[in-house]
2 protein chains.
Amino acid sequence: MRRMTARPANAHQARLLKLLRDGGPNSRAQLGDQVDLSRSKLAVEVDRLLETGLVVADGLAASRGGRRSHNVRLHPGLRFLGVDIGATSVDVAVTNAELETLGHLNQPLDVREGPVAVFEQVLSMAAKLRATGLAEGFDGAGIGVPGPVRFPEGVPVAPPIMPGWDGFPVREALSQELGCPVMVDNDVNLMAMGEQHAGVARTVADFLCVKIGTGIGCGIVVGGHVYRGTTGSAGDIGHIQAVPDGRPCACGNRGCLEAYFSGAALARDALDAAQQGLSAELAARLAAHGGLTAVDVAAAAAAGDATCLEMIREGGNRVGQVIAGLVSFFNPGLVVIGGGVTGLGHTLLAAIRTQVYRQSLPLATGNLPIVLGELGPAAGVIGAARLISDHLFSPA
Amino acid sequence: MRRMTARPANAHQARLLKLLRDGGPNSRAQLGDQVDLSRSKLAVEVDRLLETGLVVADGLAASRGGRRSHNVRLHPGLRFLGVDIGATSVDVAVTNAELETLGHLNQPLDVREGPVAVFEQVLSMAAKLRATGLAEGFDGAGIGVPGPVRFPEGVPVAPPIMPGWDGFPVREALSQELGCPVMVDNDVNLMAMGEQHAGVARTVADFLCVKIGTGIGCGIVVGGHVYRGTTGSAGDIGHIQAVPDGRPCACGNRGCLEAYFSGAALARDALDAAQQGLSAELAARLAAHGGLTAVDVAAAAAAGDATCLEMIREGGNRVGQVIAGLVSFFNPGLVVIGGGVTGLGHTLLAAIRTQVYRQSLPLATGNLPIVLGELGPAAGVIGAARLISDHLFSPA
DNA sequence: CCTCCTTTGTCCTGTGAGTGGAGAAAGTTG
DNA sequence: CAACTTTCTCCACTCACAGGACAAAGGAGG
């Protein structure tokens, strides 16, 4: 199939495309209820969208007591690629124009192998998805990387855990390989966009999305838009000082939050506990697998292991303390907790909530939900698809 | 003089009014260079503004090599009132439409006496300024209060240091008394707007404005607009935990930043130092005035008193630690330090800078100026005038 | 089957926003 | 005084958009 190249010609068309993306097939009348345009003007714009091929007719809707309406929808052949590169694994998904996931792959990966090796793997995963018949090509791709990004250019800048990626033209390179427009962002921002589009943050204008995985980051949404900061490093909360003169951190400082609670720190603490005989559960798992990760801690905690529960509680307290400060500062309408450690579940959430509700002012916490993300690993790829669709569904 | 009641009829007119406010008298040609409208359309909108009386002709400009241009300017009789209510004093100023300060009064005040007493004083100060012939009436007023505000309604909510103000309809009451439109905001936000309009933050889109006075607050500007949070309490950083299990704070928690460094904490520490004989300088001042404030500490430090210098350094370190966290999180393009303790000057600034540059990541601090506000006590009232002018110079 | 009402979609005309060019007005330079 | 520049005004043309008339298509009741 020929790929779509058209873009909306004006703000009205952009608005309509986004309504069709988020609301599925709609009639002109239904669209008219949402856009404050006269029916005649609306019809003109819809007709123009039909001409471009971005939108197609979709049969008749049931009658609502009068003449049946002619539905329109986004072209069913449109395909977006969502890529979420983590420190230790990568997610790739294909969506249609309504951002529904049609196929999803996850593979282990070491981001430190550099952009060339990683892209090879990503492209082969994309090819595999395409080979299943889900897509003949892609109309756009969004991609998330675990580090700061100079957003307009789509280039990682000074990424601590991705040596070799600094300044690599991710956007341009991938766009060339895939033959479609590409947008690049921080993985945490994409998670926030995912939860905003299809998860727990659908109705909230200002919220924080804390992702605890190999590292710790925080997506910041202001007035419905991701805030990226002056140099693209906003939300980089992993190296906020949690303990004065505390543990040394890989960044060179001491007492950073990430040194106390993150996938990496948790794995190290688990190994210590197993070797010191503090947890039979962990020792058994260490013997079985030859190594420990946050997943083992989660499993042991679920089995009632006291040491692991305490580790999670303590880590949750530290994260909660930092989040409490951010809540005082930012006064969000919602805090979402996500990332690899979501498996730690309610124990973690309870510790975080306790700290925030205790330390922040009542006015800021009075009506503040603190919840786990509801999309899990899909948040990133959905956010990635959302990113590129927001771009393509905006006037050129 | 008859007060102006007109408002811009559309976004173009609003834009033009703001250009005239920020740029002073301008010709049609100069305006045309800034607004991306055809000269004919521009002339139409300017003529309409002239009809409303908001804008008046202002003679001929010098020739630039051809026909001399006809200048227009905002009506010279327009007057805004800026009010900045602090915990212990109040500033009232009158500005013209270009937000130039025409008169400024400062008086001591105890905000805890409640809104009725405070308004009486503010109104008498406004009357005094009017009596000097600066204004015959006010076209609008902006007012800042030292606590969170439900912005759309202009009502303080749960203000910790302003008992008796909770829910008081400040905007409505003052609007009735003054007979003009009124906007209410947090004093810290107004300081940020002041520095943005006429101070150090003129060219920065995203910045933080930390005000250290009786309490500590932080104005947050995102994309040129003040961010107020979900319930209007954004920037309330005084009760972020600076020291785990530290000093008790008035808010009921322990270790809050405000308990360590603010006008009130500094005064208390100074009293302790004087009584324990740690500072001859402070002891002398205590004997002379019967009490100590941050001003005494500043003076003693300026005279080289080691104890006071150490107090400032230590306080600066604590504030700097918190700011370092905020810089990592928010990645601003500028940090402005202001408020009553600005008198502590370079010692304070150096301590803050040290902490931030040491603790935050290079990408966030690489090109981050940390500077003192340049407007001093005028920042609040200028910000207040800016607030109401932004409101009045927007389409109704 | 017919009539009346509802909903949806199309067509047409009028209005106002906005552009761009011609040209007048006012000035400078040589 | 001629030539050139800048500023401002006037006018004709285009396009965006609203709103009403009307046609198309359906349901409910007689």
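The sequence lines fix the lettering, A, B, ..., with proteins before strands; numbering per chain opens at 1.
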Measure the distance from [atom1] on [X] to [atom2] on [N] and round it to the nearest whole Å.
X        : N       : atom1 : atom2 : answer
Glu45(B) : dT19(C) : CD    : C1'   : 14 Å
Arg28(A) : dT7(C)  : CZ    : C1'   : 14 Å
Leu37(A) : dG9(C)  : CG    : C1'   : 16 Å
Arg39(B) : dA24(C) : CZ    : C1'   : 12 Å
Asp47(A) : dG9(C)  : CG    : P     : 11 Å
Leu60(B) : dA25(C) : CG    : C1'   : 12 Å
Arg64(B) : dG27(C) : CZ    : P     : 15 Å

(request) Taking all non-hydrogen atoms of both residues into account, name the closest pair between Gly32(B) and Leu42(B) and its distance. (result) N-CD2, 3.9 Å
(request) List the atom of Lys18(B), the atom of Phe393(B), and the distance in Å for their closest heavy-atom pair. (result) CE-O, 3.5 Å
(request) Using heavy atoms to find the nearest nucleotide of DNA chain D for Ser40(B) and Arg68(A) separately, return the residue whose nucleotide is more 5′. (result) Ser40(B)
(request) By nearest nucleotide on DNA chain D, pick out whichever of Gly65(A) and Asp36(A) is the more 5' one. (result) Asp36(A)
Does [X] come within less than 4.0 Å of [Y], counting only side-chain N to carboxylate O?
X        : Y         : result
Arg48(B) : Glu45(B)  : yes
Arg21(B) : Asp390(B) : yes
Lys41(A) : Asp36(A)  : no

(request) Could you tell me from which nucleotide to which nucleotide of DNA chain D, 5' to 3', there is an atom under 4.0 Å from chain A heavy atoms? (result) dA16(D) to dG27(D)
(message) Which nucleotide wins on minimum distance to the side chain of Arg67(B), given the candidates dA24(C), dG18(C), dG9(C)?
(response) dA24(C)
(request) Report yes if a donor N or O on one partner sits less than 3.5 Å from an acceptor N or O on the other, where the partners are the side chain of Ser27(A) and the base of dG9(C); otherwise report no. (result) no
(request) Classify the nucleic acid contact of Ser38(B) as base, sugar-phosphate or nothing, counting any heavy atom under 4.0 Å across all strands shown. (result) base
(message) For the backbone of Val56(B) and the side chain of Arg73(B), can you confirm whether one donor and one acceptor N or O come within less than 3.5 Å of each other?
(response) no
(request) For Gly66(A) and for Ala29(A), find the nucleotide of DNA chain C with the closest heavy atom, then tell me which residue's nucleotide is more 5'. (result) Gly66(A)
(message) Within the structure provided, determine whether Val336(B) and Leu208(B) are in side-chain contact (heavy-atom separation under 4.5 Å).
(response) no
(message) Just N and O in the side chain of His12(B): are any of them under 4.0 Å from OP1 or OP2 of dG18(C)?
(response) yes
